Chemist: 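Take a look at the following structure, please.
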There are 2 protein chains.
Amino acid sequence: MSQAEQDTASTAKTTKGEQTRSRIVESAMHLFRDLGYDATTMRAVAKEAGVSVGNAYYYFASKEHLLQAYYHEVHASHEVVAEEIIENERDLLTRLRRILYAKLDVIEPYHRFSGLLFKSAADPKSPLNPFHEESRAAREESTKLFARVLDGSKIKIPQDIGAELPDLLWMYNMGIVLYWLHDDSEGRARTRRLVDHTSEIVVRIIKLLANPLLRPLRKSTLRLLKELRDIEGAR
Amino acid sequence: MSQAEQDTASTAKTTKGEQTRSRIVESAMHLFRDLGYDATTMRAVAKEAGVSVGNAYYYFASKEHLLQAYYHEVHASHEVVAEEIIENERDLLTRLRRILYAKLDVIEPYHRFSGLLFKSAADPKSPLNPFHEESRAAREESTKLFARVLDGSKIKIPQDIGAELPDLLWMYNMGIVLYWLHDDSEGRARTRRLVDHTSEIVVRIIKLLANPLLRPLRKSTLRLLKELRDIEGAR
DNA sequence: GTCTATAACCGGATAGAC
DNA sequence: GTCTATCCGGTTATAGAC
């Protein structure tokens, strides 16, 4: 191998380990999609990847960790579409709605096994818990996306609360996904209607926040958020 | 056994089956408390209850189902304290705060294994999911409690939204518990501070809701809630 | 030191006899 | 209703290959 080839951190040819690792991820994703999370056994994943079970565990500490790959894929796909939406659309409500619709499209193929994802996500001990260190990167990227959604929009946002809004939108977005999990309607029509309704409400609230009448509410909410942040930082 | 004894559905002496059942529950609760959910094995539960594993499964479809007993105990204990608070206190904010504090006291002994509870609660397939048929009864009772919290208070609540508030307070209360799950601070000080802050905000919002300025927001929120309810009824 | 494989462990769940 | 025996799959111990 030439020096040049070694230097370019190419995506395809990496260490043998990396290749094995991605073979495992691929077969896991594939099996999850086809069989669902529960029905997919580590033995099957290993077999399809052409490695031993023990070897799979060398790369991934648990079956749950395999799901982290799902997070990344979802976020990456979503970001592409979202970026395009932000580019072409200035209206906050439309942006929000289209971006959430896009998210639903991206996650659709995983509906069958996403339940597990959230089950884990709510468990304080799970590595998939979005508030854990291990998933910090994914969360932060996602939050940044919502920051951009707000940034170029035509809406006036009070300065004090501006810094908090991306986080809040991220949580809103998590709530939508949680609802989607339980949604068995045709084409997830119910979740889409939920998006229609709630996005309108969310934007309405954001607009209202500038109103002087709501100043005390805004201030106490800010105090709360600040404290939550301090706590998070302290641990 | 006399006819009289058969008629009085006494709590203590019931069928042999019921006795076995409650022996199993008791040893489960005991072990959960001492060891936590994960560390408690069905084998241990069965052993302590003096039955076989298979027999334990005759009464409880899964280890998770054993947790339902926890739900009941928690709610029952909480209700006693809560009722007393409602009796002696008219101010909504104080009521809410004290009732949530009481909840934290009641669930404290279970902090170690409650994680599992919520993990399951977020899983659409779990019998413990609060939106499932199996836990409907517990949820409804809990909601009724919040209806009483609102009812006798001194606060004016717009008629249209009044019917929805108990449900919303129940969700708020679930959110607090979710936070508590992650809280490892001394005496759950952080959760208590969260209650202090959020209860104030919640009451502030309830008061604001009567304001004409917020009528459109209130109306769209009501539309949303109505639709959610229709959906739930339809499935 | 990085990677891979085999065998075993453990505990939730089930089958089927009594 | 109750038991014993067994299955099944996530996970780990451990030994060795590159």
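All values derive from a computational prediction rather than experimental measurement. Throughout, a chain's letter reflects where its sequence line sits, starting with A, and its residues are numbered from 1.
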Chemist: Assign A:V53 to base, sugar-phosphate, or nothing according to its heavy-atom contacts below 4.0 angstrom with the strands shown.
Modeler: base
Chemist: Roughly how many Å is it from CG in A:D38 to P in D:dG10, rounded to a whole number?
Modeler: 9 Å
Chemist: Rounded to the Å, how far apart are B:Y58 OH and D:dT4 C1'?
Modeler: 18 Å
Chemist: In whole Å, I'd like the distance from the CZ atom of A:R21 to the C1' atom of C:dT2.
Modeler: 14 Å
Chemist: What does A:G54 touch in the nucleic acid at a heavy-atom separation under 4.0 angstrom: a base, only the sugar-phosphate, or nothing?
Modeler: base
Chemist: For the pair made of CG in B:N55 and C1' in C:dT14, what is the distance, rounded to whole Å?
Modeler: 14 Å
Chemist: State, with a plain yes or no, whether a side-chain heavy atom of A:F32 is found less than 4.5 Å away from one of A:L67.
Modeler: yes
Chemist: Side-chain donor-acceptor pair under 3.5 Å between A:H30 and A:S27, yes or no?
Modeler: no
Chemist: Can you measure A:E64 atom CD to D:dG10 atom P for me and round it to whole angstrom units?
Modeler: 12 Å
Chemist: Taking atom CG of B:L145 and atom NE2 of B:H75, what is their separation to the nearest 0.5 Å?
Modeler: 6.5 Å
Chemist: For the pair made of CZ in A:F60 and P in D:dT12, what is the distance, rounded to whole Å?
Modeler: 16 Å
Chemist: Let me know, please, whether B:M42 or A:T20 comes out on the 5' side of the other along DNA chain C by nearest nucleotide.
Modeler: A:T20
Chemist: Counting side-chain heavy atoms from CB outward, which of C:dA13, C:dG12, C:dT4 is closest to B:S62?
Modeler: C:dA13
Chemist: Got a salt bridge between B:E83 and B:R148, using NZ or NE/NH1/NH2 to carboxylate O under 4.0 Å?
Modeler: yes
Chemist: Partners of A:R192 by side-chain hydrogen bond (donor to acceptor under 3.5 Å, both in side chains), sequence neighbours excluded?
Modeler: A:D105
Chemist: Give a yes/no answer on whether the side chain of B:Y57 brings an N or O atom under 4.0 Å of OP1 or OP2 in C:dT14.
Modeler: no
Chemist: Does B:S52 reach a base, just sugar-phosphate, or nothing at all? Heavy atoms under 4.0 Å.
Modeler: base
Chemist: Please state how far atom CD in A:E18 lies from atom C1' in C:dT2, giving the value in whole angstrom units.
Modeler: 12 Å
Chemist: On DNA chain D, does the nearest nucleotide to B:K16 precede the nearest nucleotide to B:R43 from the 5' side, or the other way round? Give the residue.
Modeler: B:K16
Chemist: In whole Å, I'd like the distance from the OH atom of A:Y59 to the C1' atom of D:dT11.
Modeler: 18 Å
